[in-house]
Amino acid sequence: MACWLFKSEPDTYGIDDLARDRIEPWTGIRNYQVRNMIRDDMNLGDEIIFYHSSCKEPGAAGMARISGIARPDPLQFDPASAYYDGKSSKDDPRWLAVDIEFVRKFDRIVTLVELKQHPGLADFKLNRRGNRLSIFPVSSGQRDIILMLERA
DNA sequence: GCCAACGTTGGC
DNA sequence: GCCAACGTTGGC
């Protein structure tokens, strides 16, 4: 089973929001690389590391799973939405969304500082300069290290 | 608020 | 198809 890291700004939507809502449509993805991963590589039940970005304490905040696979992102057709895309058509939707389901909140934030310090995460995409993808794959080894750090 | 990185856009 | 300008991301 694959594992993914999803970034989210906790001021907008954090792990506590997901814990409350249980299932959330992950809309608003407007990057082709990410769209292609959603379309081609994401499967039902895939694990998600839910990551808090652009906040006081950036880091991994909990786990979720894919509970609904790729479907057209409704916001691309909504002129009132900031994610509206007039060049997309219903016959051939440009943007896709998945549904994610809450699994658990970590006992504590596994901070970006810790993730950067661990030698086993040297190749972790989050730790690479210039990484700006809001979703990317996590290897099983990387996933295990993050879960181990949570208990450290 | 700054800045590096990099994706996107659009003129040619 | 090149590339400069611009916008966005996200850590610090």
Side-chain angles (χ1 to χ4, degrees), chain A residues 2-21 24-42 46-66 70-100 102-139 141-150 152:
Chain A
C3 183
W4 306 90
L5 184 140
F6 276 47
K7 292 182 193 169
S8 189
E9 300 185 15
D11 293 344
T12 306
Y13 197 87
I15 191 71
D16 291 329
D17 298 299
L18 186 61
R20 179 197 62 218
D21 297 338
E24 176 71 4
W26 212 249
T27 54
I29 290 160
R30 296 293 179 269
N31 172 286
Y32 289 104
Q33 274 179 267
V34 174
R35 182 206 62 184
N36 293 348
M37 288 188 282
I38 284 181
R39 185 188 60 199
D40 303 331
D41 302 324
M42 270 186 206
D46 279 0
E47 284 187 301
I48 295 166
I49 291 169
F50 195 92
Y51 176 85
H52 284 173
S53 67
S54 294
C55 58
K56 198 180 300 177
E57 194 175 37
M63 301 292 293
R65 71 165 71 92
I66 302 289
R71 58 184 169 86
D73 180 345
L75 299 185
Q76 70 196 307
F77 305 123
D78 177 3
S81 168
Y83 296 105
Y84 177 69
D85 185 346
K87 292 176 190 162
S88 184
S89 71
K90 296 207 174 185
D91 291 339
D92 186 21
R94 180 178 292 188
W95 303 112
L96 304 172
V98 290
D99 295 303
I100 74 170
F102 178 77
V103 172
R104 70 183 181 93
K105 180 182 177 176
F106 284 169
D107 293 336
R108 63 183 194 86
I109 298 278
V110 180
T111 67
L112 180 60
V113 172
E114 292 173 83
L115 298 173
K116 280 183 169 173
Q117 280 172 351
H118 196 286
L121 295 176
D123 290 333
F124 195 41
K125 283 196 170 54
L126 198 67
N127 295 341
R128 305 267 298 278
R129 273 174 89 85
N131 163 55
R132 301 185 319 132
L133 297 182
S134 61
I135 295 174
F136 56 82
V138 179
S139 75
Q142 292 166 343
R143 165 198 173 281
D144 291 346
I145 290 171
I146 293 164
L147 295 183
M148 185 196 66
L149 283 173
E150 183 203 359

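These numbers were taken from a predicted model, which means no experiment stands behind them. What you see below is based on every heavy atom in this structure, not just the backbone, and it leaves out hydrogens, waters and symmetry mates.
- Distance alone, capped at 3.5 Å, places no donor-acceptor pair between the D21(A) side chain and the E24(A) backbone.
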Using a cutoff of under 3.5 Å, can you pull out all pairs of nitrogen or oxygen atoms linking the protein to nucleotides 1-6 of chain C, with atom names and distances?
none

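- Judged purely by atom type and a 3.5 angstrom limit, E150(A) has no side-chain atom pairing as donor or acceptor with the backbone of V110(A).
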With a cut-off of 3.5 Å and sequence neighbours excluded, list every side-chain donor-acceptor pair involving residues 54-64 of chain A.
none

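- Closest approach of L115(A) and F124(A) over heavy atoms only: CD1-CE2, 4.4 Å.
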Distance-only criterion, 3.5 Å: show the donor-acceptor pairs between side-chain atoms of residues 70-80 of chain A and protein atoms not counting sequence neighbours.
| unit_1 | atom_1 | unit_2 | atom_2 | d |
| --- | --- | --- | --- | --- |
| R71(A) | NE | D99(A) | OD2 | 3.4 |
| R71(A) | NH2 | D99(A) | OD1 | 2.8 |
| D73(A) | OD1 | L75(A) | N | 2.9 |
| D73(A) | OD2 | G28(A) | N | 2.7 |
| D73(A) | OD2 | R30(A) | NH1 | 3.0 |
| D73(A) | OD2 | R30(A) | NH2 | 3.3 |
| Q76(A) | OE1 | S88(A) | OG | 2.7 |
| Q76(A) | OE1 | R94(A) | N | 3.2 |
| Q76(A) | OE1 | W95(A) | N | 2.9 |
| Q76(A) | NE2 | D73(A) | O | 2.9 |
| Q76(A) | NE2 | W95(A) | O | 2.8 |
| D78(A) | OD1 | A80(A) | N | 2.9 |

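- Residues D16(A) and K105(A) are paired through a salt bridge, judged by an N-O separation under 4.0 Å between the basic side chain and the carboxylate.
- Counting non-hydrogen atoms of neighbouring residues, nucleotides and ligands closer than 6.0 angstrom, the OH atom of Y83(A) reaches no more than 12 such neighbours.
- Under a cut-off of 6.0 angstrom, the local environment of CZ in R128(A) is sparse, with at most 12 non-hydrogen atoms contributed by other residues, nucleotides or ligands.
- Not a single side-chain hydrogen bond (donor to acceptor under 3.5 Å, both in side chains) links K7(A) to another residue, sequence neighbours left out.
- The terminal axes of the helix from dG1(B)-dC12(C) to dC12(B)-dG1(C), fitted over 5 pairs per end, subtend an angle of 10° to the nearest 10°.
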**OP:** If a protein heavy atom is under 4.0 Å from the base, mark B; if only from the sugar-phosphate, S; if neither, -; do that for nucleotides 7-12 of chain C going 5' to 3'.
**Re:** BBBBSS

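- When all heavy atoms of R35(A) and I29(A) are compared, the closest pair comes out as N-CG2, 4.3 Å.
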